Amino acid sequence: VIYGASVGTTLPNGNKIVERWLNDTPTTPFDIKTDYAITFDGTKVIFVQNYATPEMDDIRVILKQQVSNQRYNIETSGVSYSNTLYSTSRQAQSTIANMAVLAAANSSYTVNYKSLQNTFVTLSASDVIALSNKVRSFVQSCFDTEYSYYQTIDTASSVQLYTMNV
């Protein structure tokens, strides 16, 4: 690794740096303050990989964080039940699960619950239980998908990691 090598520096492979720049505006997880150089081997210009190439374990951490962020965004985006969109924020998940416990204990239970469309909906005990089951299934599918991505990331080769789209 020759971090910070300047124009004119001869690399160990004999190539000479003819241009280099620092990328301060990352566009991919691999562009984190990377330092690139173009070298000249005497006959042609060669684009050299960045000097600050993250280790594979670092790339795995970055990809897993991206997957986790994506899972969270989807998980908390809401679900539709009976043509009404309901929040699946962590607080809403807890509230709906608690309402389901009450509904399971009392078949005449009803609740006025606010949808994401800012309207109140009267839910019966069976509606609350069905909504709770739908939310739980949806959230679990988000985590199952995240787990699947984690397994792929853990077993991917370096080339697969560099080209992985999450």
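In this text the structure is predicted, and so the values were computed from the model without any measurement.
Counting heavy atoms of neighbouring residues, nucleotides and ligands inside a 6.0 Å radius, atom OH of Tyr147 does not exceed 12 of them. Enclosure of atom CD in Gln151 by more than 12 non-hydrogen atoms of other residues, nucleotides or ligands within 6.0 angstrom is indicated.
In terms of the salt bridge (charged side-chain N to carboxylate O under 4.0 Å, His left out) criterion, Arg136 has no residue partners (sequence neighbours excluded).
For the residue pair Ser126/Ser124, the side-chain donor-acceptor check at 3.5 Å is satisfied. For the residue pair Glu146 and Ser68, a side-chain donor N or O sits within less than 3.5 Å of a side-chain acceptor on the partner.
The CD atom of Gln140 sits 9.5 Å away from atom OG1 of Thr145, with the distance rounded to the nearest 0.5 Å. Taken to the nearest 0.5 Å, the CD atom of Gln66 stands 13.5 Å off from the NZ atom of Lys64. How far OH of Tyr149 is from CZ of Arg71: 13.5 Å, rounded to the nearest 0.5 Å.
Each of Ile96, Leu85, Val135 was scored for a side-chain contact (heavy atoms from CB on, under 4.5 Å) with Val79, with one residue passing: Val135.
By the 4.5 Å heavy-atom criterion applied to side chains, Gln117 and Thr84 are counted as neighbours. Residues Leu131 and Asp127 form no side-chain contact, since every pair of their non-hydrogen atoms from C-beta on lies 4.5 Å or further apart.
Tracing side-chain contacts under 4.5 Å through hydrophobic residues (I, L, V, M, F, W, Y), one reaches Leu102 starting from Val121; they form part of the same cluster. One hydrophobic cluster, built from ILVMFWY side chains closer than 4.5 Å, cannot hold both Leu116 and Met99; they sit in different ones.
Under the 3.5 Å distance criterion, the side-chain polar atoms of Thr152 are matched with a main-chain donor or acceptor of Ser148. Between the side chain of Ser137 and the main chain of Asn133, a donor-acceptor pair closer than 3.5 Å is present.
Between Ser132 and Ala97, the shortest heavy-atom distance links the atoms OG-CA, 4.0 Å. Nearest heavy-atom pair across Tyr86 and Lys114 is CD2-O, 4.4 Å. Taking both residues in full, the closest heavy atoms of Thr88 and Glu75 are given as OG1-O, 2.5 Å, listed atom of the first, atom of the second, then distance. Looking at every heavy atom in both residues, Thr76 comes nearest to Ser89 through CG2-CA, 4.0 Å. Of all heavy-atom pairs between Ser77 and Phe138, the closest is OG-CZ, 4.1 Å. Nearest heavy-atom pair, Ile74 versus Cys142, reported as atom, atom and distance to 0.1 Å: CG2-SG, 3.8 Å.
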